[in-house]
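Input: a single structure, listed below in structure tokens.
One-based numbering, in listed order, for ligands and for the atoms of each.
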Amino acid sequence: MSKTTSLTPIINQAIALYGGTFDPIHYGHLRPVEALSRLIGLKEVVWLPNNIPPHRPQPEASSQQRLEMVRLAIQPFRSFRVDTREIEKAAPSYSIETLSDFRKEIGNKQSLAFIIGQDSLLSINTWHKWEELLDVCHLLVCARPGYQTTFSSKEMQSWLEQHQTTQYEDIHRLPAGKVFLADTPLYNISATDIRARHKAGLNCHDLLPTAVEDYINQQQLYL
Ligand code: ATP
């Protein structure tokens, strides 16, 4: 007779989206997400390079080049895939719109999460319709060195405390509505720094995958 196991299988495993400019994608993106995915058991991580980021100067690499770098970087990971909807859109890519599109596609019961870094969490109240985000998804926050772990605004800190969970099972159990601060490893890496190092002729071997660095050299990016 087969033995029963005391482990409860995760039925509604969360799908996570990870948006960014990825100019270029680097280990500060990949390694925390890999760790997070292992830590909480994500069904799939959908990488979403954006086209016209509303909050920042335009990227140096073209949309196609940033997309190609994401493809090269995530190729070794079975549960990672890229989605081109934001890159293909001519209008600004607001996360709330993309997340709502996904929500429509997957229905109301499937758990959906949006992965962001700690720096993004701290400025979340500047995002378009930010107060609607938790109606549509959870937020999974990766630690990032050099950023406070609490909000300086009392209002935002109480918003966080109201929605925060320390139980990752909540992310799978509920379709949306929670913020999980993940204890992911810290990588002091930024795309800005990589572009500056490349311009200065310094190598970036430990900062991003070799396939991405080779592509940057081949396309003569960030000179
Ligand atoms: P740039 O230096 O050009 O501003 P970036 O390295 O911050 O770029 P983005 O593509 O703007 O990268 O970031 C996409 C997402 O990745 C954001 O949510 C950001 O918080 C997160 N992120 C970027 N770098 C790190 C890192 N080193 N550790 C944790 N999260 C990070």
Taking the non-hydrogen atoms of [X], is any one of them nearer than 4.0 angstrom to ligand 1?
X	value
Tyr27	no
Arg195	yes
Ile189	yes
Gly19	yes

Please identify which atoms of ligand 1 are closer than 4.0 Å to at least one heavy atom of [X].
X	value
Ile116	18 (O)
Thr192	1 (P), 2 (O), 3 (O), 4 (O)
His26	6 (O), 24 (N)
Thr21	10 (O)
Gly20	10 (O), 14 (C)

Mind checking what makes side chain to side chain contact (heavy atoms under 4.5 Å, CB included) contact with Glu161, not counting sequence neighbours?
->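 So Glu161 forms a side chain to side chain contact (heavy atoms under 4.5 Å, CB included) with Gln157.
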
Approximate separation, where rounding is to 0.5 Å, of [X] [atom1] and [Y] [atom2]:
X	Y	atom1	atom2	answer
His26	Arg31	NE2	CZ	12.5 Å
Ile116	Ser123	CD1	OG	8.0 Å
Gln218	Ile216	CD	CD1	11.0 Å

Report yes if Gly117 has an N/O atom closer than 3.5 Å to an N/O atom of ligand 1; otherwise report no.
->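 N/O-N/O distance below 3.5 Å exists for this pair.
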
Look only at interatomic distance and state if Tyr187 has a nitrogen or oxygen under 3.5 Å from any nitrogen or oxygen of ligand 1.
->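 Yes - when backbone and side-chain N and O of Tyr187 are compared with those of ligand 1, one distance drops under 3.5 Å.
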
Part of Gln118 with heavy atoms under 4.0 Å of ligand 1, whether side chain, backbone, both or neither |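 It is neither part, as no heavy atom is under 4.0 Å.
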
Is ligand 1 under 4.0 Å from a heavy atom in the side chain of Ala143, in the backbone, in both, or in neither?
->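 For Ala143, only backbone atoms sit under 4.0 Å from ligand 1.
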
Can you confirm whether [X] is buried at [atom1], in the sense that more than 12 heavy atoms of other residues, nucleotides or ligands lie under 6.0 Å from that atom?
X	atom1	result
Glu44	CD	yes
Asn203	CG	yes
Gln220	CD	no
Glu155	CD	no

side-chain contact (heavy atoms from CB on, under 4.5 Å) between Phe102 and Val46, worked out = CA-CA 11 Å; Phe102 269 86; Val46 181; 4.0 Å; yes

Among [options], whose heavy atom sits nearest [atom]?
atom	options	result
atom 19 (C) of ligand 1	Asp193, Leu48, Asn50, Asp119	Asp119
atom 9 (P) of ligand 1	His29, Arg66, Arg144, Arg31	His29
atom 5 (P) of ligand 1	Pro49, Pro24, Ala191	Ala191

Please list all pairs passing the salt bridge (Lys or Arg N to Asp or Glu O under 4.0 Å) test where one or both residues lie in residues 118-143, with sequence neighbours left out.
->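 Of all non-adjacent pairs touching residues 118-143, those that pass salt bridge (Lys or Arg N to Asp or Glu O under 4.0 Å) are Asp119-Arg144.
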
